[in-house]
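Atoms considered below: every heavy atom in the structure, side chains included; atoms not considered: hydrogens, waters and symmetry mates. Atoms within a ligand are numbered from 1 in the order they appear, just like the ligands themselves.
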Amino acid sequence: MSENATHNIPLEETRQGEVLNLLEATNGNGNKLLYLESYGCQMNFSDSEVVASILSEHGFKTTREIDKADLVLVNTCSIRDNAEQRVRNRLTEFKQYKRKNPSMVVGILGCMAERLKKNLLEEEKLVDLVAGPDAYRDLPHLIDEVGTGQKAVNVLLSREETYADVSPIRLDQGGISAFVTIMRGCDNMCSFCVVPFTRGRERSRDPKSIVQECKTLFEQGYREVTLLGQNVDSYRWNLSSKGEIKNENEPTVNFAELMAMVANVSPMLRVRFSTSHPKDMTDEVLHTIAAYDNLCKYIHLPVQSGNSEVLTRMNRGYDRATYLDRIKAIRNIIPGCAISTDIITGFCGETADEHEDTLSLMREVQFDYAYMFKYSERPKTLAERKFEDDVPNEVKTERIQEIITLQTQHSLYWNQQQIGQVQEILVEGPSKKSEAQFCGRNTRNAMVVFDRGSVQKGDYVKVQITDCNSATLFGTLIS
Ligand code: SAH
Ligand code: SF4
Ligand code: F3S
């Protein structure tokens, strides 16, 4: 995992839920300085861009130098305990800056703010302000409140807020790839998951504002958008009531239709999305992906476990057979589509045989990539109330090692399959290791490294794949 990543961090790093994302200095409409750090998923990074936008209207410019900041905000994640620990350590580090600059205001945003509410003010004495994910429009007012010597909290969750009319300030100005939030919250109640408590009820955003945002991004030079939601397959917008679905017979826009609308912005704009849910992903969505070249041939379909009883305890709403049926549909409808997944190991009551089922499902599907986690019990979740977190940590560690070893073989297998192919790559910029080499992704979301030649970031180029390891493809530029 990398620290000080730029905004455009690879998906595998953002999903960990613990990654630090620092913004670049941007212009705002004033002279007060905001330092904003983000942890967690892409959704949080996208929210930070909304926050930067709201505050730029109220006199804040962003800075990367914390010791110069008037306002320090940390956008936090609660998905696993280690994600929260990391933020707590960071808050302790802030003490030295606050000692030097007592008028500096420190605020907590995001999922930890929502989960811990005003306890954060009491526990962590240096926090002045707490704002949950639906309260960002209130930030200017909360900052004023702190200015009058009070501690300020707003953790109200909303059924409507989508920040549809706020145009996010992109934290990697001049970038190639941007996140676009299409819905907020989650109505599923996976028993391990804290998100429904920290993000509230599911609501979709007006498709017009989504398409407009994508058009603007394209005009600014962006060449890739990732549409974000906790369960994109349940995206739905009622065209007559402008939002909530009250009458099933009224005309709506579903996720497949939304993707087609975004794909039509320009054939030169690549479209990705995250996250699909196995219980809701329709064939219509798959046919739409197959129909448009610029809808990337890559689906992230979290399985969590390969055992149906564990899936029932997780309250995921599908069993092993249903999951495998969705994989079959992807392979039939979109030949050559890459598939990645999320796996939780050591969930409550997971037996050795149940763990074995996860390994056998992995062998059956052969995922291109997987994000693999040890189960971490979260307060207030169904699992915390109903089950015991009874798989010892050593066993979780052993199981995750087995899972990682197997996944590495599968990732290598898929990369080897691509050697010899000529692929279209969207150039992202210099590779991590050398300025002489450039990197970019293919439609399957695999990173490809090649000698720079005369290409520029944002170009589409043809690269012949010549070599690989389990994480990266290497190739030669042919146009
Ligand atoms: N909405 C997405 C997941 C968002 S959270 C979906 O339904 O797939 C990202 C991943 O974190 C989850 O897929 C899961 O694998 C992992 N995760 C969530 N809660 C967890 C917990 N309590 N312990 C360990 N991993 C967890
Ligand atoms: Fe959490 Fe499940 Fe919602 Fe994903 S679908 S955010 S795992 S409750
Ligand atoms: Fe973390 Fe909240 Fe995202 S808990 S993973 S930041 S939705």
### Distance filter under 4.0 Å to Cys111 heavy atoms, resulting ligand 3 atoms
2 (Fe), 4 (S), 6 (S), 7 (S)
### Task
Report yes or no: does Arg316 have a heavy atom closer than 4.0 Å to ligand 2?
yes
### Query
Do Thr358 and Arg320 have side-chain N/O donor and acceptor atoms under 3.5 Å apart?
no
### Message
Taking only non-hydrogen atoms of Arg199, do any sit less than 4.0 angstrom from ligand 3?
### Response
yes
### Task
Just need the protein heavy atom nearest to atom 6 (S) of ligand 2, so name the residue and atom and give the distance.
Gln230 OE1, 3.5 Å
### Message
Can you see whether Ser46 engages Thr181 through a side-chain donor-acceptor pair at a distance of less than 3.5 angstrom?
### Response
yes
### Query
Given that the side chain starts at C-beta and the backbone is N, CA, C, O, which of these parts of Gln230 lies under 4.0 Å from ligand 1, counting heavy atoms, or is it both or neither?
both
### Query
Salt-bridged, Lys396 to Glu350, with N to O below 4.0 Å?
no
### Task
Give a yes-or-no answer on whether the side chains of Ser191 and Asn315 include a donor-acceptor pair shorter than 3.5 Å.
no
### Query
Quick check: are there more than 12 heavy atoms from other residues, nucleotides or ligands sitting under 6.0 Å from NZ of Lys208?
no
### Query
Applying a strict 4.0 Å limit to heavy atoms, is Lys374 in contact with ligand 1?
yes
### Task
May I have the step-by-step check of side-chain hydrogen bond (donor to acceptor under 3.5 Å, both in side chains) for Asn307 and His355, ending in yes or no?
CA-CA 8 Å; Asn307 176 274; His355 164 62; over 6 Å; no
### Query
What atoms in ligand 3 come closer than 4.0 Å to a heavy atom of Cys41?
3 (Fe), 5 (S), 6 (S), 7 (S)
### Task
I would like to know whether His410 and Tyr369 meet ring-ring contact (aromatic ring centres under 6.0 Å, His included); could you show each step before the answer?
CA-CA 8 Å; His410 294 161; Tyr369 194 87; over 10 Å; no
### Query
Given Ala383, Pro302, Cys41, Gly346, which has its nearest heavy atom closest to atom 8 (O) of ligand 1?
Pro302
## Note on the structure
The closest protein heavy-atom partner of atom 2 (Fe) of ligand 2 is Cys190 SG, 2.3 Å
### Summary
Within the 4.0 Å heavy-atom cut-off, what Cys186 brings close to ligand 2 is side chain
## Note on the structure
Closest to atom 5 (S) of ligand 2 (heavy atoms only, candidates Val194, Thr381, Ile79, Asn188) is Asn188
### Task
Would you mind checking if Glu213 and Arg205 are paired as a salt bridge, meaning a charged N to carboxylate O distance below 4.0 Å?
yes
### Task
Give the atoms of ligand 3, by number and element, whose distance to some non-hydrogen atom of Cys77 is under 4.0 Å.
1 (Fe), 4 (S), 5 (S), 6 (S)
### Query
Under 3.5 Å, is there a donor-acceptor pair linking the side chains of His141 and Asn154?
no
### Task
Could you tell me whether Glu84 and Arg378 make a salt bridge, using a distance below 4.0 angstrom between a side-chain N and a carboxylate O?
yes
### Mode of Ile79 contact toward ligand 1 - side chain, backbone, both, neither (heavy atoms, under 4.0 Å)
both
### Query
Does ligand 1 have an atom under 4.0 Å from some heavy atom of Arg316?
yes
### Message
So if I count the atoms of ligand 3 from 1 in the order they appear, which ones are less than 4.0 Å from some heavy atom of Gln230?
### Response
7 (S)
### Query
Should Asn231 be listed as contacting ligand 1, given a heavy-atom distance under 4.0 Å as the test?
no
### Query
What atoms in ligand 3 come closer than 4.0 Å to a heavy atom of Asn44?
6 (S)
### Query
How does Val195 reach ligand 2, if at all, at less than 4.0 Å between non-hydrogen atoms: by side chain, backbone, both, or neither?
side chain
### Task
Consider only side-chain N and O atoms of Tyr371 and Ser340, and report whether a donor and an acceptor are under 3.5 Å apart.
no
### Task
Answer yes or no: is there an ion pair linking Asp233 with Arg326, defined by an N-O contact shorter than 4.0 Å?
no
### Task
Could you tell me whether ligand 3 has any atom less than 4.0 Å away from a heavy atom of Gly110?
no
### Query
At what distance is the nearest protein heavy atom to atom 1 (Fe) of ligand 2, and which residue and atom is it?
Cys193 SG, 2.3 Å
#### Entry: ligand 1 versus Phe373: contacting region, heavy-atom distance under 4.0 Å
side chain
### Summary
So for Pro196 against ligand 2, with non-hydrogen atoms under 4.0 Å, the contacting part is side chain
### Query
Which ligand 1 atoms, with their elements, are less than 4.0 angstrom from a heavy-atom of Ile344?
14 (C), 15 (O), 17 (N), 25 (N), 26 (C)
### Message
Evaluate Ser376 for polar contact with ligand 1, using N/O atom pairs at a separation under 3.5 Å.
### Response
yes
### Query
So, Glu161 and Tyr163: side-chain donor and acceptor under 3.5 Å apart, yes or no?
no
### N-O pairing of Arg199 and Asp47 below 4.0 Å
yes
### Task
May I ask you to check whether Glu114 and Thr198 show a side-chain donor-acceptor distance below 3.5 Å?
no
### Message
Side chain or backbone, does Asp342 bring an N or O within less than 3.5 Å of an N or O on ligand 1?
### Response
yes
### For Arg80, the ligand 1 atoms whose distance to one of its heavy atoms is below 4.0 Å
11 (O), 16 (C), 17 (N), 23 (N), 24 (C), 25 (N), 26 (C)
